[in-house]
Amino acid sequence: MITTSLAARLAGDGLQQYMFAAPSTVAERCKGVGGGCISSYECCPGLWCDWAFICVVVEAEASQ
């Protein structure tokens with residue numbers, strides 16, 4: 001049986017392309033208000049991932 005380390009699996013083509021993509025490519029993939037998320041890094045700038053796992057407007061920016 002061939003064993004593959006976790007690091008080797010994580011370093012697959014898909015992750016490498018995402019990690020080394022131009023910033024504009026990654027920014028296009030961000031999720032807007034109401035988009036499903038697991039982490040705030042998935043949400044567009046000015047948004048964060050709330051407890052219901054959706055991207056919402058940051059409170060401080062919403063009140064200005």
Side-chain angles (χ1 to χ4, degrees):
M1 178 169 73
I2 298 173
T3 59
T4 305
S5 70
L6 178 59
R9 290 182 197 171
L10 291 175
D13 288 339
L15 181 60
Q16 286 182 350
Q17 288 176 4
Y18 181 80
M19 290 177 61
F20 299 106
S24 60
T25 303
V26 175
E28 290 174 4
R29 295 182 184 162
C30 69
K31 298 178 181 176
V33 175
C37 58
I38 293 181
S39 164
S40 293
Y41 292 108
E42 295 180 59
C43 301
C44 292
L47 304 177
W48 68 287
C49 190
D50 75 351
W51 61 270
F53 302 106
I54 58 171
C55 296
V56 296
V57 177
V58 176
E59 289 293 323
E61 292 182 12
S63 63
Q64 292 179 355

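The first residue in the sequence is number 1, and the count goes up from there.
On the SG-SG cut-off of under 2.5 Å, Cys43 and Cys49 do not qualify.
Applying the salt bridge (Lys or Arg N to Asp or Glu O under 4.0 Å) test to residues at least two apart or on different chains, the pairs with a partner in residues 31-46 are Lys31-Glu42. Among residue pairs with one or both ends in residues 43-58, none qualify as side chain to side chain donor-acceptor pair (under 3.5 Å); sequence neighbours excluded.
Annotation for Gly32 and Cys55: closest pair O-CB, 3.3 Å, computed over non-hydrogen atoms.
Looking at Val58 and Leu47, their side chains never come closer than 4.5 Å, going by heavy atoms from C-beta outward.
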